[in-house]
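Below, all heavy atoms of this structure are taken into account, side chains as well, without hydrogens, waters or symmetry copies.
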Amino acid sequence: MGKLYGLVVFDFDGTLADTFPWFCSVINGVARRYRFRHIDPAETEALRGLSARALIRELGVPAWKLPFITRHMHGLAARDIEAISLFPGIRDMLRDLDEAGIVLAIVSSNSEANIRHVLRPCAARFRHYACGASMFGKAKRLTAVMRKAGARGSVIYIGDELRDHDAAKAAGCDFGAVSWGYTRSDALAAGRPDVLFEHPGHVAEAICSTELRGSHPAASILYSGPS
């Protein structure tokens, strides 16, 4: 059995844009500025298996510093924006979804200006943006987008972190995890997302259904997730 979707919402960093190498290049400078523990490259893979809350505890980052760190990293991303690009296959995936009549949106903690700059022409394929969310504030933004979009049928939020999963469940929608982002795919799979995408082409393949394009222009079908 498939499932009809009226709205597909994407995270940005690690889902659409390959920002992890950039993140690794700046994080220890941010650690010096805000006085939390540096990351040894040898521990990167282990840290990629943690939730955002667990990572923050591991690095010793006080909660009150998070808004300042987030704002600073938005500035660094704007400074280095030309070094950030979309993952291979993302443009084709977005084109296929858009041309199939799927309503697309973005909910991200990154800034809208940074996101639009990296998306370039693809930015026009998204009808709704909810950007600049706090690290754990995506659920509220996601709920607002769902309400604003007046989504027909079900909604799926596609992201690369466990906090994206948490946001989707808090907002009452499904979660599609991508295996190519910040969090390791085995950690995402352990959280039992509704579907785990192995490559961008799989997203369009799973969500776009030729049979539905004519009679349901704003709906899609998603194959069953992991059992």
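Atom CG of D13 and atom OG1 of T19 lie 3.5 Å apart (nearest 0.5 Å). Distance check, rounded to the nearest 0.5 Å: CG of L59 to CD1 of I69 gives 9.0 Å. Considering CD of E112 and CZ of F12, their distance stands at 11.5 Å, rounded to 0.5 Å. The distance from atom CG of D11 to atom CD1 of I115, rounded to the nearest 0.5 Å, is 8.0 Å. The distance from the CE atom of M135 to the CD1 atom of I56 is 4.5 Å, given to the nearest 0.5 Å. Rounded to the nearest 0.5 angstrom, D194 CG and Y157 OH are separated by 14.5 Å.
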Full working for salt bridge (charged side-chain N to carboxylate O under 4.0 Å, His left out) between D166 and R163: CA-CA 5 Å; D166 293 341; R163 65 185 173 117; over 6 Å; no
Evaluation steps, side-chain contact (heavy atoms from CB on, under 4.5 Å), between I27 and T44: CA-CA 12 Å; I27 187 60; T44 300; over 6 Å; no
Full working for side-chain contact (heavy atoms from CB on, under 4.5 Å) between V8 and V203: CA-CA 10 Å; V8 177; V203 178; 5.7 Å; no
From CA spacing to verdict: side-chain contact (heavy atoms from CB on, under 4.5 Å), V30, H72: CA-CA 8 Å; V30 177; H72 179 64; 4.0 Å; yes
Worked verdict on W22 versus M73 for side-chain contact (heavy atoms from CB on, under 4.5 Å): CA-CA 11 Å; W22 168 83; M73 293 198 73; 4.1 Å; yes
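K65 contributes a side-chain N or O that, together with a main-chain N or O of Y34, makes up a donor-acceptor pair within less than 3.5 Å. A side-chain donor-acceptor contact under 3.5 Å links N28 to the backbone of I39. A donor-acceptor distance shorter than 3.5 angstrom exists from the side chain of S179 to the backbone of F197, with no hydrogens or angles considered. N114 contributes a side-chain N or O that, together with a main-chain N or O of H74, makes up a donor-acceptor pair within less than 3.5 Å. No donor-acceptor distance shorter than 3.5 angstrom exists from the side chain of S108 to the backbone of C131, with no hydrogens or angles considered. Panel note: side chain T70, backbone P67; no donor-acceptor pair is recorded below 3.5 Å. Checking side-chain atoms of Y129 against main-chain N and O of R116 turns up no donor-acceptor pair under 3.5 Å. Proximity of a side-chain donor or acceptor of D164 to a complementary backbone N or O of E161 within less than 3.5 Å is detected.
Taking every heavy atom of both residues into account, W180 and T15 meet most closely at NE1-O, 2.9 Å. The nearest pair of heavy atoms linking A17 to I84 is CB-CG2, 4.2 Å. Nearest heavy atoms, S109 versus S134: CB-O, 4.5 Å. Nearest heavy atoms, L188 versus P193: O-CD, 3.1 Å. Nearest approach of L142 to C173, heavy atoms of both residues: CD2-SG, 3.7 Å. For the pair E82 and R120, the tightest heavy-atom approach, listed with the atom from each and the gap, is OE1-NH2, 3.0 Å.
Side-chain contact between L94 and L119 is present, with heavy atoms from C-beta onward closer than 4.5 Å. Put simply, the side chain of K148 does not reach to within 4.5 Å of the side chain of V145, judged on heavy atoms. Between I156 and V195 there is a side-chain heavy-atom pair separated by less than 4.5 Å. Side-chain contact between M93 and F10 is present, with at least one heavy-atom pair separated by less than 4.5 Å. When side chains are defined from C-beta on, H165 does not count as touching T183, because their heavy atoms never get closer than 4.5 Å.
Residues that satisfy the ring pair (Phe, Tyr, Trp, His ring centres under 6.0 Å) test with F23, not counting sequence neighbours, are Y182.
Pairs passing the salt bridge (Lys or Arg N to Asp or Glu O under 4.0 Å) check and including a residue from residues 47-58, sequence neighbours excluded, read R37-E58, E45-R48.
Using a 4.5 Å cut-off between side-chain heavy atoms of Ile, Leu, Val, Met, Phe, Trp and Tyr, with links allowed through other members, V103 and V9 fall into the same hydrophobic cluster. Cluster annotation: F136 and F175 are assigned to distinct hydrophobic clusters (Ile/Leu/Val/Met/Phe/Trp/Tyr, side-chain heavy-atom contacts under 4.5 Å, transitive).
Environment of NZ in K140: sparse, with no more than 12 heavy atoms of neighbouring residues, nucleotides or ligands closer than 6.0 Å.
Salt bridge status for R95 with D98: absent, with no side-chain N to carboxylate O gap under 4.0 Å.
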